[in-house]
Enquirer: 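The structure's right below; bear with me while I get my questions together.
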Amino acid sequence: MTRPRDPESNLVTSPPGPLLTRSGQEASSLFALDPALRHLNHGSFGAPLVAILEEQERLRREAAAAPVRWFPAAATRVGRARAAIAPHLGVSPDQLALVVNASAGASAVYGSLDLPRGCEIVVTDHGYGAVTMGADRLARRLGGRVVVAEVALDDSPERALAAVLGAFTDRTAMVVVDHVTSPTARELPVAEICAAARTRGVVSLVDAAHAPMLIERAATLADADYWVGNLHKFGCASPGAAVLVTRPGLEEGLWPLIDSWGGSLPFPERFDHQGTLDITPLITAGSALDLVEDELGWDRVRAHTAALADAGQALVAAAMSRATGVDCLARVASPATAMRLVTLPAGLGTTVDAANALRERVLADLGIEAAFTSCRGRGYVRLSFHAYNVLDDYADFADRAVPHLVDLARREGDAVTSTGAHGIPVVGL
Ligand SMILES: Cc1ncc(COP(=O)(O)O)c(C=O)c1O
């Protein structure tokens with residue numbers, strides 16, 4: 001461990017105040033979150049907007065009242081939503097299909113590709129488990145394998161690029177890389193990776209689950225062959241709304257996960273047909289993006305979350321450093337603007353299961369929702385920052401969760417088990 005830094009030097013002197021709507025209400029009034037819960041984990045499942053939930057309910061009732069009128073027209077509504085969403089992401093509506101989540105987008109790509117037998121698919125050790133598992137299944141089906149490129153937390157973008165390209169062999173057919181990594185909250189140099197892959201004839205898939213609205217024009221920036229992003233994370237759409245963006249020239253080989261009545265249509269219209277399904281998250285997603293723009297302004301949300309992330313991470317890291325006597329400000333190269341890591345006391349959260357148990361434990365004991373992750377045997381708390389968060393949220397974490405975590409590390413270490421109401425094994429979030 002490095003020597004402790006002066007914790008006070010981490011404190012920010014002028015933290016941002018609460019973000020207000022155009023009519024002067026606190027931004028939190030737009031969200032359906034339980035006010036009794038400290039929600040520092042927007043990164044896992046987002047948080048939907050009250051007005052959008054109401055609009056969905058109205059649409060569901062409309063569908064329930066006249067199903068045979070409603071469902072045949074559903075694809076037209078999805079097409080309209082696509083047109084409303086595309087300008088927010090800075091992409092042409094012709095290059096963008098709507099899917100229910102980032103995992104479904106990745107699965108649609110895996111299912112559409114015609115990769116050679118015995119090929120290799122390169123992923124990184126920061127990849128989202130479910131998307132990496134999909135790559136693994138595809139590779140094994142072809143008698144090939146997944147190759148994991150190892151990227152250190154503090155590797156510069158240049159070193160991260162070199163690590164990924166260093167895993168390429170003459171059998172590499174595809175690279176799957178995260179725009180913003182889930183366990184480590186860092187940005188990867190996706191534009192450089194995709195450009196290098198293209199010159200080598202390697203297909204690129206960018207898992208940008210966290211990127212829409214967090215990173216402006218993220219899909220254009222990455223210029224991947226295939227790019228998937230959730231609108232229900234930073235974009236605040238209701239759960240079940242995501243996009244799949246592809247480069248011109250590749251559309252015709254791309255097929256939806258669900259074979260439905262769009263089969264004879266070109267891309268992206270063929271994705272508008274999803275069978276019988278609750279498509280209200282998709283068709284209200286454009287309204288969610290508009291609502292945040294109208295009430296708060298996406299530029300203001302991005303500025304607020306970036307400033308709050310600097311202040312909140314510094315505050316929690318200072319408290320953790322004071323309590324443990326070692327520097328706990330995680331050194332992450334290219335950190336995400338709205339998710340940050342603080343290092344946990346030694347012995348806590350060293351595996352994915354142990355980190356998940358901590359999440360449940362902190363929620364059950366303190367009513368604080370935060371993500372815990374593990375990377376190379378070291379545990380971290382991953383703090384998220386969104387429009388509704390205020391500095392008090394992180395001060396509360398510093399005051400109550402930090403001593404609790406230090407105490408758990410002393411008494412139980414990674415024998416910590418979940419005492420939460422759920423008690424269900426969960427996968428990495
Ligand atoms: C990087 C990354 N990819 C994919 C996903 C999966 O998202 P979904 O469950 O919406 O498909 C997540 C979820 O947190 C993620 O962080």
Side-chain angles (χ1 to χ4, degrees), residues 39-48 97-111 121 123-137 148-149 151 160 164 175-188 190 193 204-215 218-219 222 224 226-245 256-258 271 274 277-279 281-282 285 288 332 334-341 352 355-356 359 369-375 380 382-386 426-429:
H39 195 261
L40 313 184
N41 189 6
H42 193 91
S44 284
F45 298 107
L98 295 189
V99 287
V100 294
N101 53 48
S103 310
S107 299
V109 174
Y110 294 147
I121 301 178
V123 300
T124 77
D125 56 348
H126 298 244
Y128 186 73
V131 172
T132 299
M133 279 195 278
D136 186 55
R137 198 159 63 88
V148 182
V151 178
V164 173
V175 58
V176 182
V177 66
D178 295 46
H179 208 143
V180 176
T181 64
S182 173
T184 48
R186 65 164 288 172
E187 291 184 18
L188 288 174
V190 286
I193 292 170
S204 57
L205 165 61
V206 170
D207 175 357
H210 294 276
M213 308 318 287
L214 172 63
I215 300 172
Y226 307 100
W227 187 95
V228 295
N230 276 332
L231 301 174
H232 55 233
K233 285 197 191 279
F234 203 76
C236 302
S238 290
V243 295
L244 165 55
V245 178
L257 203 52
I258 301 169
F271 278 76
Q274 309 253 352
L277 185 80
D278 179 7
I279 54 157
L282 292 178
V332 179
S334 314
T337 49
M339 290 196 296
R340 297 290 172 85
L341 298 188
V352 173
N356 283 330
R359 185 183 65 81
E369 182 70 80
F372 291 86
T373 69
S374 100
C375 175
Y380 299 92
R382 189 193 72 188
L383 302 166
S384 291
F385 304 83
H386 211 292
V426 281
V427 292
L429 305 174

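In this chain, numbering begins with 1 at the start of the sequence shown. Remember, it's 1-based here, ligands and their atoms both numbered in the order they're listed. Since the model is a prediction, treat every value here as computed from it, not as a measurement.
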Enquirer: Measure the CZ-CD1 distance between R137 and I121 for me, rounded to the nearest 0.5 Å.
Expert: 11.0 Å
Enquirer: Who's closest to atom 2 (C) of ligand 1 heavy-atom-wise, of A209, P239, A371?
Expert: A209
Enquirer: Name the option, out of H210, M339, H232, that contains the heavy atom nearest to atom 16 (O) of ligand 1.
Expert: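 Minimum heavy-atom distance to atom 16 (O) of ligand 1 goes to H210.
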Enquirer: Test your reading of the structure: does S103 have an N or O sitting under 3.5 Å from an N or O of ligand 1?
Expert: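 The answer is yes, given that S103 and ligand 1 share an N or O pair closer than 3.5 Å.
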Enquirer: For L188, run the side chain to side chain contact (heavy atoms under 4.5 Å, CB included) check against D207, T181, V206 and tell me which one passes.
Expert: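 Among the candidates, only T181 passes.
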Enquirer: With heavy-atom distances below 4.0 Å as the criterion, list the atoms of ligand 1 near N230.
Expert: 7 (O), 8 (P), 10 (O)
Enquirer: Using the side chain to side chain contact (heavy atoms under 4.5 Å, CB included) criterion, which residues pair with I215? Sequence neighbours excluded.
Expert: H179, V180, E187, A211, A218, L221
Enquirer: Short list, please: which atoms of ligand 1 are under 4.0 Å from a heavy atom of K233?
Expert: 12 (C), 13 (C), 14 (O)
Enquirer: In this structure, does ligand 1 have an atom that sits under 4.0 Å from one of the heavy atoms of A102?
Expert: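 It does; at least one heavy atom falls under 4.0 Å.
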Enquirer: Looking at every heavy atom in both A237 and A288, which two are closest together, and how far apart are they?
Expert: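 Here A237 and A288 meet closest at CA-CB, 3.7 Å.
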Enquirer: With heavy atoms of N101 as the reference, note each atom of ligand 1 found under 4.0 Å away.
Expert: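 Per the distance check, 8 (P), 10 (O), 11 (O).
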Enquirer: Could you list which atoms of ligand 1 come closer than 4.0 Å to a heavy atom of D178?
Expert: 1 (C)
Enquirer: Not counting sequence neighbours, which residues clear side chain to side chain contact (heavy atoms under 4.5 Å, CB included) with A338? List them please.
Expert: L214, F234, T305
Enquirer: Show your working on side-chain contact (heavy atoms from CB on, under 4.5 Å) between Y110 and V131 and close with a plain yes or no.
Expert: CA-CA 10 Å; Y110 294 147; V131 172; 3.5 Å; yes
